[in-house]
Chemist: 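Sharing a structure with you now.
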Amino acid sequence: MAKRKKNIPESNANPLNENVHIEDAGKVKSEIITKTLVENFMPYAMSVILSRAIPDIDGLKPSHRKLLYTMYNMGLLKGGTIKSANIVGRTMQLNPHGDASIYETMVRLSRGNETLLYPYVESKGNFGKAYSKNMMYAASRYTEAKLAPICKELFDDIDKDTVEFVDNYDNTMKEPKLLPVTFPSILCNVTTGIAVSMASSIASFNLKELCETTIALIKNPNHIISDTLIAPDFVGGGFVIYDKEELERIYETGRGSVKVRARYSYDKSYNCVDITQIPPTTTSEAVIDKIIELVKANKIKEISDVRDETDLKGLKITIDLKRGTDPERLMARLYKMTPLEEAFPCNFNVLINGTPKVRGVREILDEWTKFRLGCVTRRVSFTLDKKRKQLHLLKGLSKILLDIDKAIKIIRQTESEADVVPNLMIGFGIDETQAEYVAEIKLRHLNREYILKRIKDIETLENEAADLEKTLSSQTRLKKIIVSELENVIEKYDSGRRSEILYEISDEIADETTEIPDYPVTVFITREGYFKKIRTANLRLSGEHKVKEGDEITETVECSNRDELLAFTTMHQVYKAKIDDFQDTKASVLGDYIPAKLGMDEGEYCNYVAVLKEYKGYMIFVFEDGKLAKVDISAYETKTNRKKLINAYCDKSPLAAALYIPEDTEIVICGANGRKLLVNTALISTKTTKNTQGVKALQLKKKTDKAVSAHIYNEGEFEKPWRFRAKNLPAAGALPSAGDIGEQLTF
């Protein structure tokens, strides 16, 4: 008995595999990367390209072809539906990749899923929907299926040697390498696939337009494709935006993109928009999620609600509109901002003779015509061979007619059954095949009437065989057969276009401000930076304002919902926003916290909020050092939609007050020492530089003195205004008297 090696563990001898030495264990072995790529990666890449992701010239991937051929063998082209689980199980004889992937393939090919423009599987039960990721298909044990009528064109004459058959994966049965499709199915349905280092994305075209184009190319290779093939057609319908240059590029190169737009209708009675068709590249959930995102970001303000109302009748996304909204203008914006308008990418990568090639429509149809010519030629050859064999047998039978009694005598006098055929061959001068045929004739058929009837077929068969020979030798006759088949397909399966073509569209979208509802509002701003917007019409119904403890309302402005605001901050920045960005509210709520709403930096707070209808007027900045700066408000206007500007005002001295004035007026500057100075802003020169230091206005006599506030002068505020005015600046101002408002003696 041979001695066992010590370094190979024996499970019975050492069940725990303890202290077993494995040679070279844990060592890193170097290997040439190119060798690994060639031996491991390349076979995998080629398998994915040739056997999974890229469709062949018959328009099918291997998984599709195996499934459909299995259903054809099961007799599902006729009769009723059967359980999908049964079909899936039988398909595993050809496709060993598991029942889940096979059933998923069937779902995509089904009419119920609405993925294909011309589905190959008639479905019964829940097969999900391609336009909804949440509408999942039922398990295979609950659904039923059969082949769609159009599949007759996929398998027509497949039993007449029209295509090559190969062994399945375990060599137990044969399967077709391609299907002998009678129409260019490669361009009839959307086909997408991602292989290794390449991908395929084929748009679907209308069957009638495609067949007419193929016929035209067969008759005239220089035919202009765009004359008959107008644009792609998608199962989900919608609108295809016509771009002649882009479409011609796709037709010639196989690359490009086609814009597809959703279809909608407006229900005036409910003031809502119903979207019933969407592009093939998106889902209803993606559309709804994007609309909700835009509404939350205040980029779309005309929508009050959006919901999915899809039912058994089909897709339906309902958008409720606010009063006064123009549905056409809203949809024009949604087309630009949501997946309601998307481009379908075209990359016509097809397997041609086992090689992936990106080809234009013209080249693909030419290749399909060559493929179909091969199928028709093989079919004609098969038929011709069959007729020749039949003719050969009948010619042998015709010799029997010369002497039936002799044939009977030969058979009767032959002692051994094995000698019957040789004796007939010798007696009538016929070959073995003919003799076998004669020997198998029933006794009841050995009469002149039967034999004469059969012999009459000889002339017909000879004429048919001669005609078939002429067909085989003539490319023109073969092409006429293909044209006839294409015309028959148009007559039987044309169902009209699903996608309507838009030749002219308006890309103009109204300015965003014109989309904002215009109505009067009253704005309330508190000292701590809370913002409240209340419709002026509802203001009378509002109760007492709710504010945080210790906070108070410092600004109350009547304006329009279309106005803008500038929020000046403690970090010398200004944030721009629209009044419409804030929701209408009521007095009983705190309102929006401006720093959070506008996305201010950490530790940044509001100093002042200016509300303006247009960029006219001035910003007045009063600093603690007594200086006053007058900046033209147009300095804060930007052509782009910038939300934040830095260096909004001077940072050399702390800000005491900021004021927005539409035009020059008188302002009151208050000092810490109690003095007040009345200044007319017309005397201050205007600056366009935002962070200008300004000019000295309030004269500070002590180091501890500083300006603490400023406000617009109210007529009658001072008993003797002239006391507070200064002929020249800077000036110290004056102390208020008992007669001035707000300074009366109290008891």
Side-chain angles (χ1 to χ4, degrees), residues 113-117 128-135 190 192 201 203-204 231-243 246-247 256-268 270-311 313-322 324-346 497-512 514-516:
N113 188 252
E114 297 186 37
T115 297
L116 303 185
L117 184 60
K129 294 296 179 184
Y131 54 72
S132 174
K133 61 183 179 182
N134 290 338
M135 296 178 66
V190 168
T192 58
S201 179
S204 55
D233 192 14
F234 297 98
V235 62
F239 296 98
V240 173
I241 299 176
Y242 187 78
D243 185 340
E246 184 70 7
L247 286 173
S257 62
V258 181
K259 287 187 178 179
V260 186
R261 172 177 288 190
R263 184 189 292 269
Y264 74 93
S265 61
Y266 174 64
D267 190 336
K268 189 175 181 180
Y270 291 98
N271 192 31
C272 66
V273 168
D274 294 326
I275 299 169
T276 53
Q277 297 175 358
I278 59 177
T281 52
T282 188
T283 62
S284 57
E285 291 83 7
V287 172
I288 292 173
D289 290 345
K290 185 61 178 179
I291 293 174
I292 292 173
E293 178 186 332
L294 292 173
V295 171
K296 287 183 176 179
N298 283 326
K299 293 182 180 179
I300 297 290
K301 306 177 181 66
E302 298 87 347
I303 297 175
S304 60
D305 187 28
V306 58
R307 58 191 176 276
D308 192 346
E309 293 188 353
T310 301
D311 54 17
K313 295 179 181 178
L315 172 68
K316 186 178 180 182
I317 300 173
T318 300
I319 302 175
D320 290 336
L321 309 181
K322 293 181 180 178
T325 300
D326 185 345
E328 290 187 4
R329 296 174 73 88
L330 172 63
M331 289 304 297
R333 297 177 66 200
L334 289 178
Y335 284 142
K336 295 293 182 182
M337 304 169 73
T338 70
L340 289 174
E341 180 180 307
E342 282 194 337
F344 182 92
C346 294
R497 284 190 66 89
R498 297 281 189 93
S499 300
E500 188 176 336
I501 300 173
L502 288 181
Y503 290 96
E504 294 182 5
I505 60 171
S506 175
D507 289 331
E508 297 180 3
I509 297 181
D511 185 35
E512 190 173 353
T514 61
E515 296 296 327
I516 298 175

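We number each residue from 1, following the sequence as shown. Note that these values count all heavy atoms, side chains included, but never hydrogens, waters or copies made by symmetry.
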Chemist: Cation-pi between R498 and F234: NZ/CZ under 6.0 Å from ring centre and within 45° of the ring axis?
Modeler: no
Chemist: Give the minimum heavy-atom separation between V240 and A231, together with the two atoms involved.
Modeler: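 Scanning both residues, the minimum pair turns out to be CG1-CB, 4.0 Å.
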Chemist: Do P327 and L321 have side chains that approach each other closer than 4.5 Å (heavy atoms only, starting at C-beta)?
Modeler: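 Yes; the side chains approach each other to less than 4.5 Å.
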Chemist: Evaluate the criterion salt bridge (Lys or Arg N to Asp or Glu O under 4.0 Å) for residue pair E246 and K259; output intermediate values, then yes/no.
Modeler: CA-CA 10 Å; E246 184 70 7; K259 287 187 178 179; over 6 Å; no
Chemist: To the nearest 0.5 Å, tell me how far T276 OG1 sits from K313 NZ.
Modeler: 13.0 Å
Chemist: According to salt bridge (charged side-chain N to carboxylate O under 4.0 Å, His left out), does anything in residues 280-294 pair up with another residue at least two apart or in another chain? List the pairs.
Modeler: K290-E293
Chemist: Rounded to the nearest 0.5 Å, how far apart are CG of L334 and CD of E302?
Modeler: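 One finds 8.5 Å between CG of L334 and CD of E302.
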Chemist: Quick check against the 3.5 Å criterion: does T282 have a side-chain atom that pairs as donor or acceptor with the backbone of P279?
Modeler: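 No; judged by distance alone, with no hydrogens or angles, the pair does not exist.
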Chemist: Is there a donor-acceptor pair under 3.5 Å between the side chain of S204 and the backbone N or O of D233?
Modeler: yes
Chemist: Quick check: do T283 and P339 have side-chain heavy atoms less than 4.5 Å from each other?
Modeler: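 Counting from C-beta outward, T283 and P339 never come under 4.5 Å.
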Chemist: By the salt bridge (charged side-chain N to carboxylate O under 4.0 Å, His left out) test, which pairs, at least two apart or in different chains, include something from residues 337-346?
Modeler: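 For residues 337-346, and leaving out neighbouring residues, the salt bridge (charged side-chain N to carboxylate O under 4.0 Å, His left out) pairs sorted by first residue read R261-E341.
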Chemist: Answer whether the closest heavy-atom distance between the side chains of L340 and I278 falls below 4.5 Å.
Modeler: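 L340 vs I278: side chains touch.
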Chemist: Does E309 CD have over 12 foreign heavy atoms under 6.0 Å away?
Modeler: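 Count over threshold, so yes.
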Chemist: Once rounded to the nearest 0.5 Å, what's the spacing between atom OG of S284 and atom CD1 of I275?
Modeler: 10.5 Å
Chemist: Of the non-hydrogen atoms in P232 and S499, which two are nearest, and what is the gap between them?
Modeler: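 Smallest interatomic distance, heavy atoms only, reads O-CB, 4.5 Å.
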Chemist: Taking all non-hydrogen atoms of both residues, which atom of K299 and which atom of R333 are closest, and how far apart?
Modeler: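 Heavy atoms only, the tightest pair is O-NH2, 2.9 Å.
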Chemist: Do D274 and Y266 pair up side chain to side chain, a donor and an acceptor below 3.5 Å, judged on atom types alone?
Modeler: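 Judged by distance alone, the side chains do not pair up.
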Chemist: Taking S201 for its side chain and P345 for its backbone only, find out whether a donor-acceptor pair lies under 3.5 Å.
Modeler: yes
Chemist: Nearest 0.5 angstrom please: T115 OG1 to Y131 OH, how far?
Modeler: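 Here the rounded value is 10.5 Å.
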Chemist: Mind checking whether V258 and L247 have side chains closer than 4.5 Å, heavy atoms only?
Modeler: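 Contact flag for V258/L247 side chains = yes.
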Chemist: Which heavy atom of A262 sits nearest to which heavy atom of Y335, and what is that distance?
Modeler: O-OH, 2.8 Å
Chemist: Among all residues two or more places apart in sequence or in another chain, which pass the side-chain hydrogen bond (donor to acceptor under 3.5 Å, both in side chains) test with K129?
Modeler: E114
Chemist: Atom CD1 in I300, atom CD1 in I319: separation rounded to 0.5 Å?
Modeler: 9.5 Å
Chemist: Any side-chain heavy atom of T325 within less than 4.5 Å of one from N271?
Modeler: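 SC-SC contact between T325 and N271 ruled out.
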Chemist: If I take atom OG1 from residue T318 and atom CD1 from residue I288, how far apart are they, to the nearest 0.5 angstrom?
Modeler: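 Nearest 0.5 Å value for the OG1-CD1 distance: 9.0 Å.
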